[in-house]
Amino acid sequence: MRASSRADARRTWWWATPRSGGIAALALVVAVLPLGFANGYFYDVAIQAGLNSIICVGLNLLIGYAGQISLGHAGFFALGAYGSALLAARYGWPPSLALVTAVAGVALVAYCVGRPILRLKGHYLAMATLGFGVIVSIVLANDDRLTGGPDGMQVPPFALAGYVARSDHAWYAIVGACLLAAVWLAQNLVESPTGRALRALHTSEVAAAIAGIDCPRHKVNVFVVSAVFAAAAGGLTAYYAGFITPSSASFVRSVELVTMVVFGGMASTFGAVVGATVLTVLPQALTVLKEYELAVFGALLMATMVFLPRGVVPTLSGLLQRGTR
Amino acid sequence: MGIIDRLRPATSLAGMVFALMVLGAGVAAAQEPIRIGSILSVTGPASFLGDPEQKTLEMYVERLNAAGGVIGRKLQLTIYDDGGDAEKARTFTKRLIEQDKVDVIVGGSTTGTTMAAIPLVEQAQIPFISLAGAVGIIEPVKKWVFKTPHTDRMACEKIFADMRERKLVKVALISGTGGFDKSMRAECLKVAGRYGIEIVADETYGAADSDMTAQLTKIKATPGLQAVLNAGFGQGPVIVTRNYRQLGITVPLYQSHGVASKQFIKLAGDAAEGVRLPAAALLVAELLPDTDPQKAVVVAYKRDYEARYKSDVSTFGGHAYDGLMLVVDAIKRAGSTDKAKVRDAIENTHGYIGTGGVVNLSATDHLGLDLSAFRMLEVKNGDWALVK
Amino acid sequence: MSTLAVSGLTKTFGGVHAIEDLSFEIRAATVHSIIGPNGAGKTTLLNLLTGVYLPNAGSIRLDGRELTGAPVHAFAAAGIGRTFQNLQVFFNMSALDNVMTGRHLRERCGLLPALLHTPGLARAERESRERALGLLRFLGLEAYADACADAMPYGALKRLEIARALAGEPRMLLLDEPAAGLNPTEAAEIAGLIRRLAESGTTVVLVEHNMRLVMGVSDHILVLDYGRRLSEGTAAQVRDDPRVIEAYLGAVDTRVAGHA
Amino acid sequence: MSAESLQFVAGGLTTGAIYALVALGFSIIFNASGVINFAQGEFVMIGGMSAATLFASGMALPVAIACAVGAAGIVGLMLAKFAVGRARRADVVTLIIITIGASMLLRGLAQIVWDKRIHALPSLSGHRPVELFGATILPQSLWVLAVTIAVVAMLSWFFGQTRLGKAMLATSYNRLAAELVGIDVRIVLLASFGLAAVLGAIAGVLIAPITFVSYDSGVMLGLKGFAAAILGGLGSFPGAVVGGLTLGLLESLAAGYLSSAYKDVIAFVVMLAVLLVMPGGILGARTSARV
């Protein structure tokens, strides 16, 4: 009875639910943040943090909720970026149509790749996804007549219905809106039968299957969703930066993305946002350290994971709850 | 009292920061420094470019300041390490322009990082001198973009001219998969025909590969092979050179200007004997005849760099030297750091003698070097020798 | 009316027969127990009946429909639910979410409605939640509804597994040692629950060591030994079968002797 | 077989032996802790860099090698004691991120302690290539192969005969059971990191004369070593060797017969295909679901 009355309360105060409440808070942060921005450089870093957050929110569905590792998501990011860029630059498609087509294409690729390799488990899955990412980056670097090779290619600006997005403010608004949409979609998925199915198969695939959950189908689905998030962020990055190189598909970049998710906290959508933001901003702050930057960054990463093993957001919110109780 | 005690370090720190800001503002009002920004690939796969570039810039900014600065103002150098990543390079360029408010940018160690920065510097209208190789940086000419290193196309031309002289026609190409290698490979393929060179094999290797015998075995088996050209940098060309001798290939081996450093000879050892490559005069500073206009400049740079850093000079540090000195020269002539005036002054540079050659810039040529800037070198007895 | 028909079922592990040429039928709305000494192959049989293991030979049919070789979730979709001997609770979820996960088959699980949180899905979620809460009440777990599963006591987890299995509204429920680790009062509650389920039309397949429970609730008992059928029949028939007594005494299980 | 194809095989064995030696380190740590140690490549780098700089400063080669191996071993022990060991109860993914942080830290320190240039180390027995049926191979590559085989033999003895080795093996099969019979899991973790670091350093010392060494040369070696360990079957020592040699041969043959530009793509595609047929690697354990 107690539980059902609590559920009623949730329905009344929609903004107090974890889903809507968190999104409202995030929207507020996104809206207020520019007040503290001194110049375009701040916007640039914020935009990159937003784009990384979009990828990580998707990747967290796969890693945090479904428990399936991917060390190849930079591959999907780069495919989204190059797909959008090539269709727009080489074939003269309208940028928005190119973006949508590229993302749809990546969804198809993710489906075809995910079907077979998601049968693998743990480190073997990590290796297989890593292999996929490496293949993408080599093909992008090698096919230089189409992609411009390792030195990258120029991308035309993003335009929609006559409006050309150039200014930092416009891009901040676009990326901010996309981030909110990404978080909303992800939170919806988490709190749906599909989300429960993902968490279930994370704990015990046998028990999940006994409950009637088609594990392979759900794994592939969430793999595709996370790839779509990465591809969309990739397409936006290409248009925003106006320039892309195959290093966006590199193994190092894939590892960086996973690190962001784990750093922020697995199975926490807002953890993914925090992880992506912190690890995007931190290197900018550490440039004052010059040659010590890499060592200090590595040490900070190690220390955080040793002392906050569940990631920043879950560990800290756990402490907070214990404190208020 | 506990709280106050705990807060004490914080308050004193805040006080110090405030004091520094006031002081800083006072100094700035007295004399605004000339702000030079730089994005370099100090770490990562292109660190062999960025590392000597950074060292060179730091050393000469220090020297210029010790000598009283330029037009009575001190130089302030801000360097960001992009690790060879174009995305980072773009953000750092933005940071230099918007946050650090630099007057001019020297840098972009690689073509990728340079290309990522170009849209921003063009938009912000800031003089930009790239230290990267590809010809695409200055072709077509972009108003605010210059570069100091010889292009990879020039390297190809120098090598092919030498081959033509030695009557070597059937040439195999082996290159790495990095940006430098791929770009040079593409340029060489483009200009080969003009020198009557026929590319009979075209192989590649990964940047971190440990053995290239498979590729070289294929090349060795190519009928009519007369010479091999390796475009690349880092340990790749060294391994190629060693594998080349291991397989007993006897036709001449040419390397690119990417390994133009004494370190190449040290690492490759005996296998390097007889290898030819095009390089700037810097590498053979002492061997230059006294009549050579570049001699004084390159000998001085070489001496300074090697004395300060106890390591062999490379032509890449020289590119940074040229970039910095071009800017300093232009600012002196412009008499201010007004961006448009400095840009015009750079474009009007004439007869500037740098480590890379004699630079004559114009509205249609933002590089200003010709083929004479390159010297053909050969490894003889463990050292460089000029090919006459 | 036959519900489940098993014929010639065989499963080997590295050449050892865990189940050997086993055939039997289970009739709808009855309580059918499977007993036997440790290592007789009871859990292996449950794994075969739920598709977790692929048999080396033989077939499993539910209402005449061939299920052999189908994936696990297809067995579930055909109406077979199950609990586990060693708990397989989703420890990263609340008790309520555990039960709602059990309703997976009864929910629409399209990807797009889930992403967009369509009104239809929201309505279905509310209904699902009510039903899950109802099941938690039915099993006396309503106090734990919002508790994370890893904070629940053992006995409650056992019942939570049953609630989760029931949430899928199975036609046949396989219970693997539901009374293990429970005190006599709790075991009696489980017995009452099993009877109620059978009366409401659910077929119950029970694997259990507690002979008082088995003898009290079963309509039909299958005795396994070394993967083969040792005996079969009503509680009285099995109890009086000399082969069964021998097998159990040989296996030094005093419980059956005590109750026999 | 023609001399040409023999040369491809020789090249593949050269590369493959290097991968195998790195892969062995991955398997040791995986066995003891279930962790993929992304800093394994850095152990290799530390071995190579220490030996190269010590030798360059005038130390005798054997002494320089011994010091380098010792230094790497200490780094490995410290990584286990102060980082991985402290987060024992954390998720495996968290532990992996810790090793990623460690690899950054070690690389960052290496570029400060040493420099960013490429260093060389003299070969153990010269540069004169050994000729076999028309194919040539550098004597150093034969050293790498021989040491790899010797290391596998020693590891088999260590894990099969010694008390500590058996304890480590027991821990890999069942941590809880190992703890219950009184095995100190912390010691096992320390030993595995120490052993893997020593092995990595030996690899670094042997590889440096062939591929040279710089502060970031561990990244690619780590990646390929991980691939080799997975391909052969994670945790299996003969598997690491088989995986390493297979990967090296795949790359070399692909470069020789198909396309040198796409040799890595071909190698990875073949590897994915192998994993799909044998989801536990070539010599990996076959497990079936248990409930």
Side-chain angles (χ1 to χ4, degrees), chain B residues 41-52 54-55 81 83-84 174-175 177 182 185 201-221 233-236 238-239 242-243 245-248 259 261 263-264 266-271 309-312 314, chain D residues 2-19 107-108 111 115-120 122-123 127-131 135-138 141 144 207 209-221 223-224 248 251-257 259-264:
Chain B
S41 307
V42 182
T43 56
S47 63
F48 76 103
L49 298 170
D51 189 47
Q54 180 190 33
K55 286 176 173 161
D81 171 21
I174 179 166
S175 53
T177 47
K182 294 277 280 187
R185 171 184 163 273
D202 181 12
E203 296 291 329
T204 68
Y205 55 84
D209 282 4
S210 45
D211 184 274
M212 284 71 154
T213 51
Q215 290 92 327
L216 289 170
T217 302
K218 260 171 105 179
I219 286 176
K220 188 184 178 187
F233 61 76
Q235 78 270 36
V238 185
I239 297 174
R242 279 197 179 176
N243 287 163
R245 303 301 175 213
Q246 177 193 338
L247 294 175
V259 293
S261 156
Q263 215 196 346
F264 169 73
K266 282 186 188 161
L267 292 175
D270 297 342
Y309 294 113
K310 309 276 180 279
S311 65
D312 292 320
S314 77
Chain D
S2 69
E4 205 172 293
S5 46
L6 266 177
Q7 186 60 55
F8 296 153
V9 172
L13 289 178
T14 300
T15 320
I18 293 171
Y19 295 165
R107 233 179 305 146
Q111 78 183 37
D115 52 32
K116 288 176 223 129
R117 287 182 305 153
I118 302 163
H119 294 259
S123 304
H127 288 297
R128 188 177 297 278
V130 180
E131 196 163 324
T136 56
I137 192 164
L138 291 174
S141 303
V144 176
I207 293 169
I210 304 174
T211 69
F212 308 102
V213 58
S214 59
Y215 81 101
D216 60 354
S217 59
V219 180
M220 246 356 227
L221 282 173
L223 180 68
K224 292 287 173 73
E251 286 181 9
S252 179
L253 294 175
Y257 288 116
S259 152
S260 52
Y262 286 95
K263 70 178 170 59
D264 286 312

Colleague: Looking at every heavy atom in both D/A120 and B/L267, which two are closest together, and how far apart are they?
Modeller: CB-CD2, 3.4 Å
Colleague: For D/I18, which atoms come within 4.5 Å of any heavy atom of chain B: side chain, backbone, both, or neither?
Modeller: side chain
Colleague: Using a 4.5 angstrom heavy-atom cutoff, name the option from D/G256, D/G248, D/S260 with the most pairs to chain B.
Modeller: D/S260
Colleague: List for me each residue that meets side chain to side chain donor-acceptor pair (under 3.5 Å) alongside B/D202, sequence neighbours excluded, and say none if there are none.
Modeller: B/R185
Colleague: Give the C-alpha distance, both sets of side-chain angles, the deciding distance and a yes or no for side chain to side chain contact (heavy atoms under 4.5 Å, CB included) between B/T213 and D/T14.
Modeller: CA-CA 10 Å; B/T213 51; D/T14 300; over 6 Å; no
Colleague: Quick check on the interface: out of D/I118, D/V219, D/T15, D/L221, who has the most heavy-atom pairs with chain B under 4.5 Å?
Modeller: D/I118
Colleague: Take B/D209 and D/K263, measure what side chain to side chain contact (heavy atoms under 4.5 Å, CB included) needs, and give me the verdict at the end.
Modeller: CA-CA 11 Å; B/D209 282 4; D/K263 70 178 170 59; 2.5 Å; yes
Colleague: Please state whether the side chain, the backbone, both or neither of D/Y262 comes within less than 4.5 Å of a heavy atom of chain B.
Modeller: neither
Colleague: Out of B/E203, B/R245, B/K220, which one racks up the most heavy-atom pairs below 4.5 Å with chain D?
Modeller: B/E203
Colleague: Please list, chain by chain and in numerical order, all residues satisfying side-chain contact (heavy atoms from CB on, under 4.5 Å) with D/T136, sequence neighbours excluded.
Modeller: B/Q246, B/L247, D/Q7, D/P129, D/E131
Colleague: Passes side chain to side chain contact (heavy atoms under 4.5 Å, CB included), D/T211 versus B/Q235? Steps please.
Modeller: CA-CA 7 Å; D/T211 69; B/Q235 78 270 36; 5.6 Å; no
Colleague: Taking side chain as everything from C-beta outward and backbone as N, CA, C, O, which of these in D/P209 sits under 4.5 Å from a heavy atom of chain B? Side chain, backbone, both or neither.
Modeller: backbone
